[in-house]
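Input: a single structure, listed below in structure tokens.
Every chain is numbered from 1, with letters handed out A, B, ... down the list of sequences.
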Number of protein chains: 2
Amino acid sequence: MSKSGQPTINDVAAEAGVSRATASRALSNYGRIAEETVERVRAAAERIGYRPNQVAQAMRAGRTKTIGLVIIADFTNAFFDRVTKAVVDTAKREGYQVLISNTDEDIEVERQAIENLLEKKVDGLIVTPATVATHDHLSERALRGTPVVLIDRRLDSVRLSSVTTDDFSGAEQAVRHAASLGHSRFGFLIAVPGIKGFTEDRPALMISPIEDRVNGFAHGAIESGVKPKQQTWLFCEDNPLSSQAAVAALLDRPKAPTVIFTSNNDMLLAVLKVAGNRRLRIGTDISVMTVDDSEWAAAMVPGITVVARPVEDVGRIAVENLVAQISDPSTKREKFVLPTELLARESVANLKLRPELDPSSQTKYRDQE
Amino acid sequence: MSKSGQPTINDVAAEAGVSRATASRALSNYGRIAEETVERVRAAAERIGYRPNQVAQAMRAGRTKTIGLVIIADFTNAFFDRVTKAVVDTAKREGYQVLISNTDEDIEVERQAIENLLEKKVDGLIVTPATVATHDHLSERALRGTPVVLIDRRLDSVRLSSVTTDDFSGAEQAVRHAASLGHSRFGFLIAVPGIKGFTEDRPALMISPIEDRVNGFAHGAIESGVKPKQQTWLFCEDNPLSSQAAVAALLDRPKAPTVIFTSNNDMLLAVLKVAGNRRLRIGTDISVMTVDDSEWAAAMVPGITVVARPVEDVGRIAVENLVAQISDPSTKREKFVLPTELLARESVANLKLRPELDPSSQTKYRDQE
DNA sequence: AAGATTTGCGAGAACGTTCTCGCAATTCTC
DNA sequence: GAGAATTGCGAGAACGTTCTCGCAAATCTT
């Protein structure tokens, strides 16, 4: 018996009347061994309730069959939970377990978490980098051969695999959708980690998915012939107070937007809240759309039009690529960019079919309904 | 150097010109050692980029500083993600990492997951048991001394610590709240895992939080003087199709409920969806309240009245009790039941202030507004 | 100043596996 | 039926730590 009272393979061997080596052979199915002995050892193991010690196996084999997931807990967008589930499930299918760390968007915590996971000798890492600025902890030399796959955020300057979504196209498509429905005044509400309050000035440094969304929105506007003066941009701290203030500012404009694009669900919720308080009906008095689908967005009436990201695929592909790298270190590093999808629901009014809803149209149809 | 190319403590010792034992003493701060030597060894470790191998440490020490979390991925109620974050964060503070497994409510998967975590030699387990029926895999003998804390679901027949919420009182309070606002026809929509479609017959076996909610609702009705004929109960499979059909059935009753209590957010979303499709305004034409708060429920207009559960506390207390058991196996097993809180928002109409909304009142105030 | 104590460090074992190597017993070959 | 090949198994090392033990050198006692 071991110190902890758990039976070891030595106990199995003793119980079966064979040597430790033979017991190991019998249980792990390798080498030359008589079928009859295998049966006897298996029975002995069963009898004494033997459980292989994976720590000792890891020690011997030099691999732990464990991967580390370093991610940012983020509830409203359901990225954290959906990706975590996808990673855990895919990892299980591939024979791996998942050690999870939450960084809360703090680069120092991230550094520490990665260090700790490397000490735990994970076979690979999946990381959502907190910032796009520094990443020496993700350098070749810091990782010393441990494979890493980045998710959700690109780090262009680093030669690692990454799995992201095509947020540029998604955002572009969103603007085109609203434009095709006759909208002409566009509000953009962009959540930016690290900012204070809200501002019209575009921050210099944004994490890649936000950067992409901003560029995509802007490009979609150009493609749809939307003039700059038809656009209002607000970059906002990611919390209820700031975002609601920003929404109020947006709605208080002399020429308020007819449609508001939000960069994540926190901002969407702010729009819902403020609009509701002002008795503005979503999809009628004010239109809104956002990035990231959810069961809530789908079940609300009116349903919220969203750019859906294949979050489960992000997790799955990250694990698959990581496992490939683990099995064969010469596996090519790849930068996956998964397609997004516009789910048109009812939160964006069709001003072409209902021009009376368009405050920017000359003729006043109001109250006619 | 080790096989994997990573420097070991032997390399540190060589670099510093001391023995392995001394290097270990210097780095782990124990035993008798000269301050000057400590500095030299630390410098050497730094220079060659030494990282302690926690697998080897675990092997030697007989503990991994890792706990296992076995939980059911469940998005709309945000139990999975909130509890996971709380567990991970608390564990980190206590010096532990978290291995996570998802069971998808499948008892066989749960059994396998626990087995695997035990083989990984986790120091303790936090488990949301999939079913209340069988639990031999959680018996003393299966666990062999590994401490376990149950969360969200009680297993009365087993002597393990558990952390749950007072769902009985929460549900009771919910009914009283609606009754105090003048409601007189109550619909109860209860999600039951494992059922097909929906039925009025109360299932024999339900997981403890659902059992508690049902009993709490029922008791609250009695306390508020609500007669059985004023109550409609529907037990429903947890998916959009069944639940929406159930809501429709509820609303199609000759005397439809004025308020619907749902046992989780999936059921709430079904109510939102069906009510919306029928142009029934929440908090006006139909009232609704549910268990579990969320940012969505709070941001919607009208805000959804909920019984909030202290989910973060569940995760935190579970870890704290688990760590106590790990440090001292004689720690008493405890069954924590955390208080719930009613958050009154606008989704339950006040029929006393606005009797015209009450279809059950004799005088017809309708359309008067 | 000589014995007693303290200090600093190295040798070696142990944790629970897996796997190489070698050896005896069995089976095959012609 | 004797040598060759094969089969089955045990001894022992290795993975990277920590920690006990013992020993020499340094420091303390009176």
Rounded to whole angstrom units, what separation is found between the NZ atom of B:Lys120 and the C1' atom of C:dT17?
15 Å

A:Asn102 side chain to A:Ala73 backbone, donor-acceptor under 3.5 Å:
yes

A:Gln57 vs C:dT18: side-chain N/O to OP1/OP2 distance below 4.0 Å:
yes

Is the shortest side-chain N/O distance from B:Ser28 to OP1 or OP2 of D:dT18 below 4.0 Å?
yes

Between atom OH in A:Tyr30 and atom C1' in C:dT20, what is the gap in whole Å?
10 Å

Write down the distance between CZ (A:Arg60) and P (D:dA14), rounded to a whole number of angstrom.
10 Å

Choose from D:dA11, D:dT17, C:dT17 the nucleotide whose nearest atom is closest to any side-chain atom of A:Thr8.
C:dT17

So with a 6.0 Å cut-off around CD of B:Glu39, is the heavy-atom count from everything else above 12?
yes

For the pair A:Glu312 and A:Arg316, find out whether any cationic side-chain nitrogen is under 4.0 Å from an anionic carboxylate oxygen.
no

Whole-Å distance, B:Arg20 CZ to C:dG12 C1', equals 8 Å

Just checking, any donor-acceptor pair under 3.5 angstrom between side chains of B:Gln112 and B:Asn116?
no

side-chain contact (heavy atoms from CB on, under 4.5 Å) against B:Pro52, all qualifying residues, sequence neighbours excluded
A:Glu119, B:Tyr50, B:Gln57

Examine the side chains of B:Glu110 and B:His137 and answer whether a donor and an acceptor come within less than 3.5 Å of each other.
yes

Backbone N or O of B:Glu334 within a donor-acceptor pair of the B:Ser161 side chain at under 3.5 Å?
yes

Are OP1 or OP2 of D:dT17 and a side-chain N or O of B:Tyr50 less than 4.0 angstrom apart?
yes

With salt bridge (charged side-chain N to carboxylate O under 4.0 Å, His left out) as the criterion, how do A:Arg111 and A:Asp136 come out once you've worked through the C-alpha distance, each side chain's angles and the decisive distance to 0.1 Å?
CA-CA 9 Å; A:Arg111 197 187 301 272; A:Asp136 52 299; 2.9 Å; yes

Measure the distance from CZ on B:Arg63 to C1' on D:dC19 and round it to the nearest whole Å.
14 Å

Show me the protein contacts with nucleotides 7-9 of chain C, counting only N or O atoms at under 3.5 Å.
residue	atom	partner	partner atom	Å
C:dG8	N7	B:Arg32	NE	3.1
C:dG8	O6	B:Arg32	NH2	2.9
C:dC9	OP1	B:Thr37	OG1	2.6
C:dC9	OP2	B:Ala34	N	3.1
C:dC9	OP2	B:Thr37	OG1	3.1

Between D:dC15, D:dA11, C:dG12, which one does the side chain of B:Ala21 approach most closely?
C:dG12

Does A:Ile114 reach the side chain of A:Val70, with side-chain heavy atoms less than 4.5 Å apart?
yes

A:Ile9 CD1 to D:dA14 C1', straight-line distance once rounded to whole Å
16 Å

Give the angle between the helix axes at the two ends of the helix from C:dA1-D:dT30 to C:dC30-D:dG1, taking five base pairs at each end and rounding to 10°.
30°

Rounded to whole Å, how long is the line connecting atom CE of A:Met59 with atom C1' of D:dG16?
4 Å

